[in-house]
Peer 1: 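Before I ask anything, here is the structure I am working with.
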Amino acid sequence: MDTARLTGQRVLIVGGARDLGLAIARRVSDAGATALVGARSIEHAREAAATIPGAEAVQVDVTDETSITRALAQVGDIDHIVVLASAHHNVPVTEFTAEGLAGAVAAKVTGPLLLAKHAATVLPPTGSLVLISGVAAWTPTPGYAVMGITNGAVSFAASHLAREMAPIRVNAVSPGIIDSGSWDQMDDKQGFLAGAAAGTLVGRHGESDDITEAVVWLLGAGFVTGETVHVDGGARFA
């Protein structure tokens, strides 16, 4: 493991106070960067940042453009941004609500696009933006249409933003089912993860390290842009 590949760089992780976001914040710190832990709650951001050497806490809500501009002004010089914001509306089509749809799109699509709008003026030419998509976009499942559609939009956003924001790089990572902490409140978490493992080509569910390694690689991959990196154990083909 190259523990110095991001030495001296500053990385904002939006949604970095818990679960996969916190794992990414810790991993970029291990790679030599200063982790800027972004969350809607400044208290949660501070609690998470306190567990990472040299990390800084930032209040940011991607559904609020004023919050975005304020956060970018606060962090000063910055090299990369990773965005994990999401809001779920996992219901059958017949139960869609305008409020639920708007919330899901705002967090997963509109918010990251507004963040890109302002990041384009502050990131250096060697900088990058990493968006988080998800395997649901490629595995249509009843009850998860909104998740699939918004995650698919993230992948398209990476390609289109890469073209317009060049030479700043924009990529997406599309995780499969990851044991990152998000499923800890499930009644049968182990059964769920076993089912997820059976639905891959590699015979296991994902771990946080699978995603953090992909993200850190993309942050340093200067000849990669406009791509979606699938880290799902082959679940799209199982």
Peer 1: Donor-acceptor pair, Ser155 side chain versus Gly152 backbone, under 3.5 Å?
Peer 2: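 Here the side-chain-to-backbone pair does not exist.
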Peer 1: Is there side-chain contact between Val231 and Val173, with at least one heavy-atom pair below 4.5 Å?
Peer 2: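 The answer is yes, as the side chains (C-beta and beyond) meet within the 4.5 Å cut-off.
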Peer 1: So, does Ser174 use its side chain to make a donor-acceptor pair with the main chain of His230 at under 3.5 Å?
Peer 2: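 A pair under 3.5 Å: no.
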Peer 1: Once rounded to the nearest 0.5 Å, what's the spacing between atom OG of Ser133 and atom CE of Met147?
Peer 2: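 So the gap between those two atoms works out to 11.0 Å.
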Peer 1: Can you measure from CE (Met165) to OG1 (Thr121) and round to the nearest 0.5 angstrom?
Peer 2: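 Taking CE in Met165 and OG1 in Thr121, the distance rounds to 9.0 Å.
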Peer 1: Under 4.0 Å between a Lys/Arg side-chain N and an Asp/Glu carboxylate O for Arg236 and Asp232?
Peer 2: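 So Arg236 pairs with Asp232 through a salt bridge.
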Peer 1: Indicate if Val215 and Leu6 have the same hydrophobic cluster label, given that clusters are the connected sets of ILVMFWY residues with side-chain heavy-atom separations under 4.5 angstrom.
Peer 2: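 Same cluster: Val215 reaches Leu6 through Ile, Leu, Val, Met, Phe, Trp or Tyr contacts under 4.5 Å.
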Peer 1: Quick one: which of Val130, Leu129, Val154 gives a side-chain contact (heavy atoms from CB on, under 4.5 Å) with Val83?
Peer 2: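 Testing Val83 for a side-chain contact (heavy atoms from CB on, under 4.5 Å) against Val130, Leu129, Val154 leaves exactly one candidate, Leu129.
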Peer 1: Give the cluster check for Leu113 versus Leu115: same hydrophobic cluster or not, with ILVMFWY residues linked at side-chain heavy-atom distances below 4.5 Å.
Peer 2: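 They do share one cluster, since a chain of ILVMFWY contacts under 4.5 Å joins Leu113 to Leu115.
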Peer 1: So, do Trp183 and Asp19 sit near enough that their side-chain heavy atoms are less than 4.5 Å apart?
Peer 2: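 In short, these two side chains do not touch, never coming nearer than 4.5 Å.
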Peer 1: Under a 3.5 Å cutoff, is there a donor and acceptor pairing between the side chains of Ser41 and Glu43?
Peer 2: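 The criterion, which ignores hydrogens and geometry beyond distance, is satisfied for Glu43 and Ser41.
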Peer 1: Would a hydrophobic clustering, with Ile, Leu, Val, Met, Phe, Trp and Tyr connected at side-chain separations under 4.5 Å, put Val216 with Ile24?
Peer 2: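 Yes; tracing contacts between hydrophobic side chains, which count when under 4.5 Å, links both residues.
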Peer 1: Is there a side-chain contact between Val37 and Ile52 (heavy atoms, below 4.5 Å)?
Peer 2: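 In short, these two side chains touch, coming nearer than 4.5 Å.
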Peer 1: With heavy-atom distances below 4.5 Å as the criterion, would you say the side chains of Val62 and Leu114 are in contact?
Peer 2: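 The answer is no, as the side chains (C-beta and beyond) never meet within the 4.5 Å cut-off.
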Peer 1: My understanding is that only one of Leu72, Thr66, Asp64 makes a side-chain contact (heavy atoms from CB on, under 4.5 Å) with Ile68; could you say which?
Peer 2: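 So the option named by the test is Leu72.
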Peer 1: Hey, could you give me the CG/CZ distance between Asp30 and Arg5, rounded to the nearest 0.5 Å?
Peer 2: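 Taking CG in Asp30 and CZ in Arg5, the distance rounds to 10.5 Å.
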Peer 1: If you look at every heavy atom in Ala106 and Pro112, which pair is closest and at what distance?
Peer 2: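 Taking every non-hydrogen atom into account, O-CD, 4.2 Å.
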Peer 1: Is the number of heavy atoms from other residues, nucleotides or ligands within 6.0 Å of CZ (Arg18) greater than 12?
Peer 2: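 Check fails, neighbour count at 12 or below.
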Peer 1: Measure up the His89 and Phe96 rings against each other and bin them: parallel (under 30°), tilted (30 to 60°), perpendicular (over 60°).
Peer 2: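 Tilted: the ring planes of His89 and Phe96 meet at 30° to 60°.
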Peer 1: A quick test of your reading: do over 12 heavy atoms of other residues, nucleotides or ligands sit less than 6.0 Å from CD of Glu95?
Peer 2: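 Counting other residues, nucleotides and ligands, CD of Glu95 exceeds 12 neighbours.
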Peer 1: Out of Leu84, Leu36, Val60, which residue meets the side-chain contact (heavy atoms from CB on, under 4.5 Å) rule with Val14?
Peer 2: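 Single pass found, and it is Val60.
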Peer 1: Tell me the closest heavy-atom pair linking Ala33 and Val11, and the distance in Å.
Peer 2: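 Minimum heavy-atom contact is CB-CG2, 3.9 Å.
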Peer 1: Looking at Ala104 and Val146, what are the two nearest heavy atoms and their distance?
Peer 2: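 Closest pair (atom of Ala104, atom of Val146, distance): CB-CG1, 3.6 Å.
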Peer 1: To the nearest 0.5 Å, what is the distance between CD on Glu207 and CG on Leu193?
Peer 2: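 CG of Leu193 is found 8.5 Å from CD of Glu207.
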Peer 1: Would you say the side chains of His80 and Ser128 form a donor-acceptor pair under 3.5 Å?
Peer 2: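 Short answer, yes.
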Peer 1: Can you give me the closest heavy-atom contact between Gln9 and Asp79, atom names plus distance?
Peer 2: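 Scanning both residues completely, I find the closest heavy atoms to be CA-OD2, 3.2 Å.
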Peer 1: Treating Ser29 as the side-chain partner and Ala25 as the backbone partner, does any N or O pair qualify as donor plus acceptor under 3.5 Å?
Peer 2: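 It does not hold such a pair.
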Peer 1: Report yes or no: does Asn90 contribute a side-chain atom to a donor-acceptor pair with the main-chain N or O of Tyr144 at less than 3.5 Å?
Peer 2: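 Flag not set: sc Asn90 to bb Tyr144 has no pair under 3.5 Å.
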Peer 1: Indicate yes or no: does Asp210 engage Arg204 in a salt bridge with an N to O separation below 4.0 Å.
Peer 2: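 A salt bridge links Asp210 with Arg204.
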Peer 1: Quick check on the hydrophobic clustering: are Leu161 and Ile168 connected, directly or via other members, by side-chain heavy-atom contacts under 4.5 Å?
Peer 2: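 Shared cluster, yes.
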Peer 1: Quick check for you: to the nearest 0.5 Å, what is the distance between Arg27 atom CZ and Ile13 atom CD1?
Peer 2: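 So the CZ of Arg27 and the CD1 of Ile13 are separated by 12.0 Å.
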Peer 1: Grab the two heavy atoms, one from Ser159 and one from Gly226, that are nearest each other, plus how far apart they are.
Peer 2: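 Answer, listing the atom of Ser159 first, then Gly226: OG-O, 3.1 Å.
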Peer 1: Report, as yes or no, whether the 6.0 Å neighbourhood of atom CG on Asp188 holds more than 12 heavy atoms from other residues, nucleotides or ligands.
Peer 2: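 Atom CG in Asp188 is packed in, count exceeds 12.
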Peer 1: With side-chain contact (heavy atoms from CB on, under 4.5 Å) as the criterion, how do Arg26 and Thr51 come out once you've worked through the C-alpha distance, each side chain's angles and the decisive distance to 0.1 Å?
Peer 2: CA-CA 9 Å; Arg26 288 173 173 155; Thr51 68; 3.5 Å; yes
Peer 1: Could you go through the side-chain contact (heavy atoms from CB on, under 4.5 Å) check for Ile78 and Val122 one step at a time?
Peer 2: CA-CA 7 Å; Ile78 187 172; Val122 299; 4.3 Å; yes
Peer 1: Measure the shortest side-chain to side-chain distance between Leu12 and Val82 over non-hydrogen atoms and say whether it is less than 4.5 angstrom.
Peer 2: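 No - every pair of side-chain heavy atoms lies 4.5 Å or more apart.
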Peer 1: Is it the case that the side chain of Glu213 and the backbone of Ser208 share a donor-acceptor pair, with hydrogens and angles ignored and the cut-off at 3.5 Å?
Peer 2: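 No, the answer is negative, given that no donor and acceptor are paired below the 3.5 Å cut-off.
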Peer 1: In terms of hydrophobic clusters joined by side-chain contacts under 4.5 Å, are Leu131 and Val105 together?
Peer 2: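 They do share one cluster, since a chain of ILVMFWY contacts under 4.5 Å joins Leu131 to Val105.
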Peer 1: With side chains defined as the heavy atoms from C-beta onward, is the minimum distance between Thr34 and Glu56 less than 4.5 Å?
Peer 2: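 Yes, side chains in contact.
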Peer 1: What are the two closest non-hydrogen atoms of Ile211 and Pro175, and how far apart are they?
Peer 2: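 Taking every non-hydrogen atom into account, CD1-CB, 3.5 Å.
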Peer 1: Is there a donor in the side chain of Glu65 and an acceptor in the side chain of His118, or the other way round, less than 3.5 Å apart?
Peer 2: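 Yes, a side-chain donor-acceptor pair sits under 3.5 Å.
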Peer 1: Take a 6.0 Å sphere around CZ of Phe156 and say whether it holds more than 12 heavy atoms from other residues, nucleotides or ligands.
Peer 2: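 Open.
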Peer 1: Quick check against the 3.5 Å criterion: does Thr225 have a side-chain atom that pairs as donor or acceptor with the backbone of Arg169?
Peer 2: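 Looks like no, no N/O pair under 3.5 Å.
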Peer 1: Is it true that Asp179 and Lys189 have a side-chain N and a carboxylate O under 4.0 angstrom from each other?
Peer 2: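 Yes.
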Peer 1: Check whether Asn171 reaches the backbone of Glu227 with its side chain - one donor and one acceptor, N or O, closer than 3.5 Å.
Peer 2: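 Judged by distance alone, yes, a pair lies under 3.5 Å.
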Peer 1: Please check: side-chain N/O of Lys108 versus main-chain N/O of Ile132, any donor-acceptor pairing under 3.5 Å?
Peer 2: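 Yes, Lys108 side chain to Ile132 backbone: donor-acceptor pair under 3.5 Å.
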Peer 1: Determine whether Val224 and Leu218 make a side-chain contact, defined as any pair of heavy atoms from C-beta on separated by less than 4.5 Å.
Peer 2: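 Heavy-atom side-chain distance check passes, below 4.5 Å.
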Peer 1: Less than 4.5 Å apart, side chain to side chain, heavy atoms only: is that true for Gln59 and Arg70?
Peer 2: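 SC-SC contact between Gln59 and Arg70 confirmed.
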